[in-house]
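Atoms within a ligand are numbered from 1 in the order they appear, just like the ligands themselves. Quick caveat, the model's predicted, so the values are computed rather than measured.
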Amino acid sequence: MDGPDIERFGARAEAMLEELAAISEEPDRLTRRFLTPEHKRAAHLVGQWMAEAGMSVAEDALGTVRGHYGREGEAAGSNAVPRLLIGSHIDTVINAGKYDGMLGVVAGILAIEHFRDRNQRFGFAIDVLAFGDEEGSRFPTVLSSSAAVAGAFEDRWLPGLDVDGIALDQAMRDYGLDPQAVAAAALPREEALAYVEVHIEQGPVLEHQDAPLGVVTSIAGQFRTRVTVRGMAGHAGTVPMAMRQDALVAASEMVISAEAIARAHPEAAMVATVGTMKVMPGAANVVPDIVEFVLDLRASSDPPRFKALAEFTHRVEKIAAARGCTVTLETYHDCATAACAPWLQDGFARSLETLGLPAPRLVSGAGHDGQAMSKLTDFAMLFVRCKGGISHNPVEFASVRDMGLAVAALIRFIEDFDPARRH
Ligand code: HGY
Ligand code: MN
Ligand code: MN
């Protein structure tokens, strides 16, 4: 693989990402949430690309598009075939960038296309997986579609409601899926050789080190905890300040306390974010009586994360009591820190070295499908430099050259992949 190949891979990736980015729920920004008609259109497009790259294509009960590239001598329709899994997600956050998730799916497809063009087969099959619920931007679930492949889907997620009051299982039926068939989406453990993912770094480290690519060592664990504060509605003009049970002021103090807890633990790379808040009844001249917000709390290891949630719980109960309010917390997502398998990390490091590139190793503060897939098999990730480390923002950017290098590194990784190295 030489320079022109790298440029060609990168240009193809850019064009495919552009095409996917045009499929949005909103006219002037990219938003594509799980099981929406736009998810279905993007899944169909990805399925077409997989078929054109020489894969057989299927869709599982969670809408994951699964391309299969058979191993040497594999007869059509064989099952129980050992396979290397490559994937990422095609759902987005609200007002997203076009690289987060989609780049990993496109890179997998371009790698298979490269092998198909050379009629190159391996002693193992390769599946490319396009997951639809990594971001958790529609239902109170996160990583549900990769969890289904890993056999870790939880039925308690099915009644979860989106902002319009549509339950996950209803949305699955509306999409043409069968919520009762989720178990069939699980891949038998003995068939999964490993899971690898190419993803933009979504942070500033690679750019700071002037490295186009990097090898992930582990993915930070995360909580998503719904906090509901209840006070007393009242007339904005008549309730004296000292007599208020203002749920929004209490909630605001709680958000500040979450920030203070995270700031106090840089050693754990702790981060706390409140990105959504519902204020009820939602009138300018009514003292709010119910406020609901979600805390996203992460750290580079689990013990400090658990301690921080306990500390936050203690502080919010005190804040609520002092303001004549009550508070309830419901942690609906608890994803453990997940370590990338050293033998797979080394595989990516070797592939970077053969391309004459540095192979920095780094932690991922962002969550990924690999955390769910780690319940099925060993996993690893290859990070791609992104401009300013910006992500979850429409200015998110990865260069054509860096994306081309990522595809080339993935190809090298696959050519060098040997399941016998798993120890
Ligand atoms: O939130 C995350 O870390 C990921 O982008 N879903
Ligand atoms: Mn994301
Ligand atoms: Mn992502």
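At least one N or O atom of Glu135, backbone or side chain, sits closer than 3.5 Å to an N or O atom of ligand 1. The shortest N or O to N or O distance between Gly365 and ligand 1 is not below 3.5 Å.
Checking His392 against the Mn ion (ligand 2), an N/O/S atom falls under the 2.8 Å cut-off. At a cut-off of 2.8 Å, His368 does not coordinate the Mn ion (ligand 3) through any N, O or S atom.
Glu135 contributes atom OE2 as its closest N/O/S atom to the Mn ion (ligand 2). Looking only at its N/O/S atoms, Asp100 has OD2 as the one nearest to the Mn ion (ligand 2).
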Practice problem: Begin from the C-alpha positions of Arg33 and Glu25 and carry the test salt bridge (charged side-chain N to carboxylate O under 4.0 Å, His left out) through to its verdict. | Solution: CA-CA 8 Å; Arg33 297 170 305 148; Glu25 293 175 59; 2.8 Å; yes
Exercise. Test side-chain contact (heavy atoms from CB on, under 4.5 Å) on Leu193 and Thr377 and set out the steps.
Key: CA-CA 7 Å; Leu193 296 173; Thr377 186; 5.9 Å; no
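Between Phe9 and His114, the ring planes are perpendicular. Angles over 60° get that label, and only those under 30° would be called parallel. Using a 30° and 60° split on the angle between ring planes, Phe124 and Phe122 fall in the parallel class, below 30°.
Phe348 is not listed as a side-chain neighbour of Val216, based on a closest heavy-atom distance of 4.5 Å or more. A heavy-atom distance below 4.5 Å is found between the side chains of Asp416 and Arg350.
The angle that His89 NE2 and His199 NE2 make at the Mn ion (ligand 3), rounded to 10°, works out to 110°.
In summary, the atoms of ligand 1 found under 4.0 Å from a heavy atom of Ala366, numbered by their order in the structure, are 3 (O).
With atom 2 (C) of ligand 1 as the reference point, the heavy atom nearest to it among Glu134, His199, Arg298, Arg224 is part of Arg298.
Contact annotation: His392 has at least one heavy atom less than 4.0 Å from an atom of ligand 1.
A donor-acceptor contact under 3.5 angstrom links the side chains of Thr337 and Asp302, judged on distance only.
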